[in-house]
Asks: 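Just dropping this structure here.
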Amino acid sequence: MDKVVGKCDDVQLERLLHSDDEESDEVRAAAKHLESCEACRSRLASFAADASWWNDARESLSSSDAFAWKPDLTRSAAFAGREGSRGDSIQSDVRRILGAPNHPENLGRLGRYDIERIIGSGGMGIVLKAHDSELNRPIAIKVLAAHLAHVGAARDRFSREARAAAAVVHEHVVAIYNVETDGHTPFLVMQYVPGRSLQARVDEDGPLTVEEVLRIGMQAAAGLAAAHAQGLVHRDVKPSNILLEETVERAVLTDFGLARAINDASLTQTGVLAGTPFYMSPEQATGEAIDHRSDLFSLGSVLYFMATGHPPFRAEGALAVLHRICREPHRPVWQLNQSVPDEVSEVIDTLLEKKPGRRYASAEEVRERLASLLSRAQQFGFGRRRFARIRGKRLRRRVLWSAVAGLLVAAAVVGVVATWPASRPQATEQPPAHPAADGAEIARSEREFAGEWKESAHAIGQMERPTSFLSSGDSWNRDLESLKQSLANLEALVNPAAKPEGERK
């Protein structure tokens, strides 16, 4: 592919865009040329999508820093009412792939399906409201976007979406009826859910009530549990991929376009991170191998969005969002919405743990926890908060560990005090009244002590002018007599022959 290096060729850029072999010499040489050629990079981007599509992509990766909820009616408006070049472009793309309509009110016909209107669009494709004339039922058709329909990798991924979603049969997962990937325009046929997305619901009505958060979260967790049981990781759990059926208040999980088998749930082969930045897990954002617990983090972000009106991590630009997801703690829900009870806030905190091992073990466990809280709320309501001054899981964890440390120190002190009398030297016993022969030294010391006290008492008695303190009353005289008696008794112990006169026979 040396002929491409240093040369600008639109035909070769088109071939590069449509190539399926990323390791070929042609692709490598083209990539080397693109590194140094701004003109070719711009033309390649224009070949991949028009300017309005890239503008929408940039807007979707940024968000306001305001904490208060603000309605975003432009995101939830019906597609038919959208204005601007993007809506016109999608309308034109759809009309180009459709056949002539059987009825003037329809947009056209795709296979055996009558296309009525456009109901949504995303990075991978366009969603159409249609009618199955053979089975006489409303359906939804997802058509691969025009700029991806001729890309082999995109067609393969689109096919994987159909196979992954068809393997999951559950009331809270959109059912797949048919898939067509052989024609010029790949599409899949799925269940039509009348209503609106969770994203549109919150954008238009604001944060949901606690009961609604629990009910929708419980149903989304049930759908994830069914997908995980089939060995699938959704990898793109977000509000726009949760549909709310308006007639029975049922939440349905859709769009398995990023699903992979668990043993292959990591970076794509092109090295591009798949998923929506605001709802990615830390391990997904860093490109590490992921499992079903990555979906639980995304589910926690969705619960946070329902309770506050915005995702937990926001910044200007996708990289800044990913940095916050990986490095910074989220602001607790109860600080933004005082009506959210501690128990619900704790569930969200656990789901948003940075380390997968600290989250819930499974989506089924999350479903059971949310169902229990919903049942209690419906029967008894949520009572007073138990931790008025130490709300928040992290703060209570610090207080708990501090209390445990204090108890351990107190227990250690009590143990030392309890064992100290047994470990300290014991007091010696009183000497016997009559020391043994080998106690001659003790007897000598006692005689010297008695003699010194006797001389002191005699000197005091011979004083001609006692001090005023010594002669102030009878107390001193009584003390002196008691001392003399004690000396006499001590002398008797040392010398039995010298007993007091009252005790002599």
Side-chain angles (χ1 to χ4, degrees), residues 78-79 90 93-94 97-98 106-146 148-149 154-201 216 219-220 222-230 232-248 250-260 276 295:
F79 185 88
I90 295 177
D93 291 341
V94 170
I97 64 175
L98 298 181
N106 294 337
L107 290 179
R109 189 171 178 85
L110 184 63
R112 74 183 198 212
Y113 308 107
D114 293 317
I115 309 302
E116 299 177 357
R117 58 187 174 89
I118 302 173
I119 58 177
S121 64
M124 282 292 291
I126 305 169
V127 182
L128 310 171
K129 169 67 166 42
H131 182 77
D132 187 345
S133 57
E134 292 188 9
L135 298 179
N136 192 27
R137 63 180 177 184
I139 57 171
I141 295 180
K142 185 170 186 180
V143 180
L144 190 61
L148 298 174
R155 293 174 68 101
D156 291 342
R157 178 171 158 188
F158 190 79
S159 179
R160 280 197 302 268
E161 174 183 356
R163 292 196 301 268
V168 183
V169 180
H170 193 271
E171 62 177 334
H172 295 299
V173 177
V174 169
I176 300 298
Y177 299 146
N178 186 25
V179 58
E180 296 286 348
T181 58
D182 296 333
H184 178 71
T185 303
F187 66 92
L188 62 87
V189 182
M190 55 188 176
Q191 172 191 5
Y192 173 69
V193 180
R196 53 182 173 171
S197 69
L198 177 60
Q199 179 75 54
R201 168 76 178 275
I216 295 174
Q219 295 178 359
L224 284 177
H228 296 164
Q230 295 293 327
L232 296 174
V233 181
H234 189 285
R235 304 209 314 165
D236 197 22
V237 178
K238 58 184 179 181
S240 59
N241 282 341
I242 298 177
L243 305 179
L244 304 179
E245 191 171 3
E246 58 188 8
T247 55
V248 294
R250 180 167 63 105
V252 183
L253 191 63
T254 186
D255 200 351
F256 279 78
L258 301 177
R260 298 287 191 276
T276 303
D295 285 346

Asks: Pairs under 3.5 angstrom only: tabulate donor-acceptor contacts from the side chains of residues 165-172 to other protein residues two or more places apart or in another chain.
Replies:
unit_1: His170; atom_1: ND1; unit_2: His172; atom_2: N; d: 3.0
unit_1: His172; atom_1: ND1; unit_2: Ala251; atom_2: O; d: 2.8

Asks: Hey, are the side chains of Leu224 and Val237 touching, using non-hydrogen atoms and a 4.5 Å cut-off?
Replies: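 They are in side-chain contact.
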Asks: Has the side chain of Asn178 got a donor or acceptor atom that lies under 3.5 Å from a matching backbone atom of Leu188?
Replies: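 Not a single qualifying donor-acceptor pair exists.
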Asks: Using modelled atom types and a 3.5 Å cut-off, is there a donor and acceptor pairing between side-chain atoms of Asn106 and backbone atoms of Gly108?
Replies: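 Side chain of Asn106 to backbone of Gly108: no pair is present.
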Asks: Can you name the closest pair of heavy atoms from Val94 and Leu98 and give their distance?
Replies: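 Shortest heavy-atom separation between Val94 and Leu98 comes out as O-CG, 3.1 Å.
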Asks: So which of Val174, Ile242, Asn241 actually passes side-chain contact (heavy atoms from CB on, under 4.5 Å) with Val252?
Replies: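 Single pass found, and it is Val174.
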Asks: Can you list the steps and then say if Ile141 with Val127 is a side-chain contact (heavy atoms from CB on, under 4.5 Å)?
Replies: CA-CA 6 Å; Ile141 295 180; Val127 182; over 6 Å; no
Asks: For the residue pair Gln199 and Lys238, establish whether any side-chain heavy-atom pair is separated by less than 4.5 Å.
Replies: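 Sidechains of Lys238 and Gln199: no contact.
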Asks: Counting distance only, does the side-chain N/O of Arg109 pair as donor-acceptor with the main-chain N or O of Gly111 below 3.5 Å?
Replies: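 It does hold such a pair.
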Asks: Is a side-chain N or O of Ser240 found less than 3.5 angstrom from the main chain of Leu198, in a donor-acceptor match?
Replies: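 It does not hold such a pair.
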Asks: Using a 6.0 Å distance limit plus a 45 degree cone around the ring axis, check whether Lys142 lies over the aromatic ring of Phe187.
Replies: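 No, cation not above the ring by the 6.0 Å, 45° rule.
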Asks: Indicate the atoms forming the closest heavy-atom contact of Ile97 with Leu110, along with that distance.
Replies: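 The pair with the smallest heavy-atom distance is O-CD1, 4.0 Å.
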Asks: In Å and rounded to the nearest 0.5 Å, what is the CG to NZ distance from Asp114 to Lys129?
Replies: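 So the CG of Asp114 and the NZ of Lys129 are separated by 10.5 Å.
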Asks: How far apart are the C-alpha atoms of Tyr113 and Glu134, what are their side-chain angles, what is the distance that settles it, and do they pass the side-chain contact (heavy atoms from CB on, under 4.5 Å) test?
Replies: CA-CA 9 Å; Tyr113 308 107; Glu134 292 188 9; over 6 Å; no
Asks: How far apart are the closest heavy atoms of Tyr192 and Arg117, and which atoms are they?
Replies: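 That would be OH-NH2, 3.5 Å.
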Asks: Do Ser159 and Arg163 have a side chain donor and acceptor closer than 3.5 Å?
Replies: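 Result is yes, a qualifying pair exists.
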Asks: At their closest point, which heavy atom of Gly120 faces which heavy atom of Ile126, and how far apart are they?
Replies: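 Gly120 and Ile126 have their closest heavy atoms at O-CG2, 3.5 Å.
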Asks: Check the pair Ile139, Gln191 against side-chain contact (heavy atoms from CB on, under 4.5 Å), reporting the backbone distance first and the verdict last.
Replies: CA-CA 5 Å; Ile139 57 171; Gln191 172 191 5; over 6 Å; no
Asks: Testing the basics here: between Gly195 and Glu246, what is the closest heavy-atom pair and its distance to 0.1 Å?
Replies: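 In this case the closest contact between Gly195 and Glu246 is CA-OE1, 3.9 Å.
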Asks: Atom NE2 of His131 and atom CD1 of Ile115: how far apart are they, to the nearest 0.5 Å?
Replies: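 One gets 11.5 Å once the value is rounded to the nearest 0.5 Å.
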Asks: Looking only at atom types and distance, does a side-chain atom of His234 sit under 3.5 Å from a main-chain N or O of Thr254, one as donor and one as acceptor?
Replies: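 Yes, the answer is positive, given that a donor and an acceptor are paired below the 3.5 Å cut-off.
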Asks: Taking the side chain as every heavy atom from C-beta outward, state whether Leu128 and Ile119 have any atom pair closer than 4.5 Å.
Replies: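 They are not in contact (no side-chain heavy atoms under 4.5 Å apart), so the answer is no.
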Asks: Answer yes or no: is there an ion pair linking Arg112 with Asp132, defined by an N-O contact shorter than 4.0 Å?
Replies: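 Counted as a salt bridge, because a side-chain N and a carboxylate O are separated by less than 4.0 Å.
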